[in-house]
Amino acid sequence: MKSSNELRDLLRRIDRKGYPAYKDIRGMYEFPDFVLSIDHVQGDPFASPSKISIHVDGKASGFPKGLYKNEMRRAALQDELLRQFGRRAESETFKARGSGKSGLISVSRCGQEILERSGCRIRMDNGDILLRMDVGLPAVGRTINAGEAVKIFFEQIPACVKKSLYYNTLDAGRLEKISELADNQAHIRQKLSELGLCAFVADGSVLPRESGISQKPMKNAVPFKSPESMAVRIDVPHGKPLRGMGIPRGITLIVGGGYHGKSTLLEALERGVYNHIQGDGREYVITEASAVKIRAEDGRSIKNVDISMFINDLPNGRDTRHFYTEDASGSTSQAANVIEAMEAGSRTLLIDEDTSATNFMIRDELMQLVVSRESEPITPYIDRIRELYEVYGMSSILVAGSSGSYFHKADVILQMKQYIPEDITAFAREKAAGFPVPSGKLTACEKPDFNRRPGPCSQTMDRRKGGGERMKVKTFGRDSVQIDRETIDLRYTEQLVDSEQVAALGYLTGYARKHLMDGRHCLADIVRELERLMKEKGFEAVCESGWLPMGLAAPRTQEIFACLNRYRKMNL
Ligand code: ADP
Ligand code: MG
């Protein structure tokens, strides 16, 4: 390791040289309170910025071990440090001036959910902190401006580090609160299964968001309140017990007039698989961690999925035990989404009528009379919903505003009335009794076959370049990721909440393609191995380089499956 003075000398020496001379400063430098590591140097002032990491010794940073003693607390602290650093960096960025990205200082932008991110990692054994940032090394035109670089390395970065990565400069009370919230959230999530619940929504929660493009809480929203019959009280490690609505395992139907807040509740539940930050309004909306949103997704590819539970005897004679298509219909896509969620270990399915294929969800009475069951390939979800729960242990939470058919199947029926749920189970059941549904003989389906073993991909890129070339991953916001020019569309994988998760999925898929898809491992094994790698060796392991070209955030198991399932090059 070199001293910080050596960095200063180096910079002085390359001043006014051509930009590529910046490559000489790569390396680690010891500063008084931390180690600064220049991991990657950009090729020119307009290229994507350089990668700098900061390493602070656990003893020096001084955070009490209690603040990162378990994974939940650690994730919350990492998230907070990243936000603190981000705030300081924002006030420093572009103060050093020059061409292109000169003077940029930035870290991962955190949203409302707390995610494990490559941007900040704390080691649980010794408290060492690693923080990664992007820096635009300053230039005038295309020549090095060492004076401005010295300002960044010796004034701006140290100031940000000092104010955000040391315990004694931060608000101890706030940090304690953050840890306590993490404990409470973990506790409730753990309690769910004990109490036989899929989800918990605390009274007073604020579910709606500010706008369609902002995940900040809506101001002056009607706070959530549980109907008495569904209310549960959960003791939490810190503070008073929480009262809220417990959604029991089984089948829950959410009805109500248009605009009364049905979808808003369901969306809060979708995101409730993540912990939210203090002040979000959904910090105590806790959904069982494996819950998956199921929707129609016309046009997706499906590879060797057994959708025979829902679809059989297609007119073109296609095998639905091993169904393939490059362009799924609404119903086949939604069927595949259910079966894939089952394969991914999901125990709760979240469905909104608004985003479902009608023919997948129901067949009304008249249609059943006119078009006999024998000539209809689709067994709608309504005919499998109980079997899914009773045989496969998968609960459903279903929003339905226009069809009453599900009244017959639901264990609990909620009506949203001006954003507040009412338990109308008894009333709706009574009404439904007068409307018997004709149901033909239904045969139980065979257990779907999950023995899918992707073989090696025919990747011309890999072969041409001897496989040695670094894989190219490019993200398009939260919507899709490209691996070596093959796009994976993730727009409808709605529980992805951050573009950094999408980036991570790109690298995970690339890694799987290169190392794990060999015809021997089934998809579940591949996902398990990817998660093990990420957990034990960090994000670098799947990225296969010493530095990360972009910020990554951990996706859930379910989204890793979802991404692989949408990878059109997968050889299945
Ligand atoms: P639905 O699915 O029942 O038609 P939505 O959930 O889409 O209704 O909600 C309709 C509108 O009401 C949305 O603009 C939403 O932001 C707003 N909204 C939802 N919940 C609340 C609430 N608790 N307080 C105030 N406005 C809300
Ligand atoms: Mg709606």
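Every number for a ligand or one of its atoms is a count from 1 in the order of the listing. Predicted model, so just to flag it, every value in this text is computed and none were measured.
- Polar contact check, Arg209 against ligand 1: no nitrogen or oxygen pair lies under 3.5 Å apart.
- The minimum heavy-atom distance between Ile302 and Thr332, with the atom names listed, is CD1-O, 3.6 Å.
- The N/O atoms of Ala221, backbone and side chain alike, include none that comes under 3.5 Å of an N/O atom in ligand 1.
- For ligand 1, one of its N or O atoms has an N or O atom of Ser263 under 3.5 Å away.
- A donor-acceptor pair is defined here as one N or O able to donate and one able to accept, closer than 3.5 Å; such a pair exists between the side chain of Asn312 and the backbone of Ser308.
- Checked by atom type and distance alone, the side chain of Glu387 pairs as donor or acceptor with a backbone atom of Cys445 at under 3.5 Å.
- In this structure, Asn316 places its CG atom where more than 12 heavy-atom neighbours from other residues, nucleotides or ligands lie under 6.0 Å away.
- Shortest non-hydrogen contact noted between Ile385 and Ser396 is CG1-OG, 3.5 Å.
- Distance from atom 17 (C) of ligand 1 to its nearest protein heavy atom, with residue and atom name: Tyr419 CE2, 3.9 Å.
- Taking any N or O of Gly258, backbone or side chain, none lies under 3.5 Å from an N or O belonging to ligand 1.
- Within ligand 1, the atoms closer than 4.0 Å to a non-hydrogen atom of Thr264 are 5 (P), 6 (O), 9 (O), 15 (C), 19 (C), 20 (N), numbered from 1 in the order shown.
- Backbone or side-chain N, O or S atoms of Ser263 reach the Mg ion (ligand 2) at under 2.8 Å.
- Closest to atom 8 (O) of ligand 1 among all protein heavy atoms lies Gly261 N, 3.1 Å.
- Counting heavy atoms under 4.0 Å from ligand 1, residue Tyr259 touches it through both backbone and side chain.
- Residue contacts with ligand 1: Met416 is excluded, as none of its non-hydrogen atoms falls under 4.0 Å.
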| request: Tell me, with the steps shown, if Ser263 and Asp354 meet side-chain contact (heavy atoms from CB on, under 4.5 Å). | output: CA-CA 8 Å; Ser263 299; Asp354 290 358; 3.4 Å; yes
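- Ligand 1 lies nowhere less than 4.0 angstrom from a heavy atom belonging to Gly256.
- Nearest heavy atoms, Ile483 versus Tyr567: CD1-CE1, 4.3 Å.
- Contacts between Glu267 and ligand 1 below 4.0 angstrom, taking non-hydrogen atoms only, are absent altogether.
- Here Tyr284 and Phe200 keep their ring centres 6.0 angstrom or further from each other.
- Across Pro448 and Met342, no two heavy atoms sit closer than the pair CG-SD, 3.8 Å.
- When you scan the N, O or S atoms of Asp354 for the one nearest the Mg ion (ligand 2), you land on OD2.
- Among protein heavy atoms, the minimum distance from atom 16 (O) of ligand 1 is reached at Met218 CE, 3.3 Å.
- Side-chain N or O atoms of Arg566 include none that pairs as donor or acceptor with a backbone N or O of Arg300 at under 3.5 Å.
- When all heavy atoms of Ile351 and Gln334 are compared, the closest pair comes out as CG2-NE2, 4.0 Å.
- With 2.8 Å as the limit, Asp352 does not count as an N, O or S neighbour of the Mg ion (ligand 2).
- From the protein, the heavy atom lying nearest to atom 24 (N) of ligand 1 is Val222 N, 2.9 Å.
- Heavy atoms of Gly257 approach ligand 1 to within less than 4.0 angstrom.
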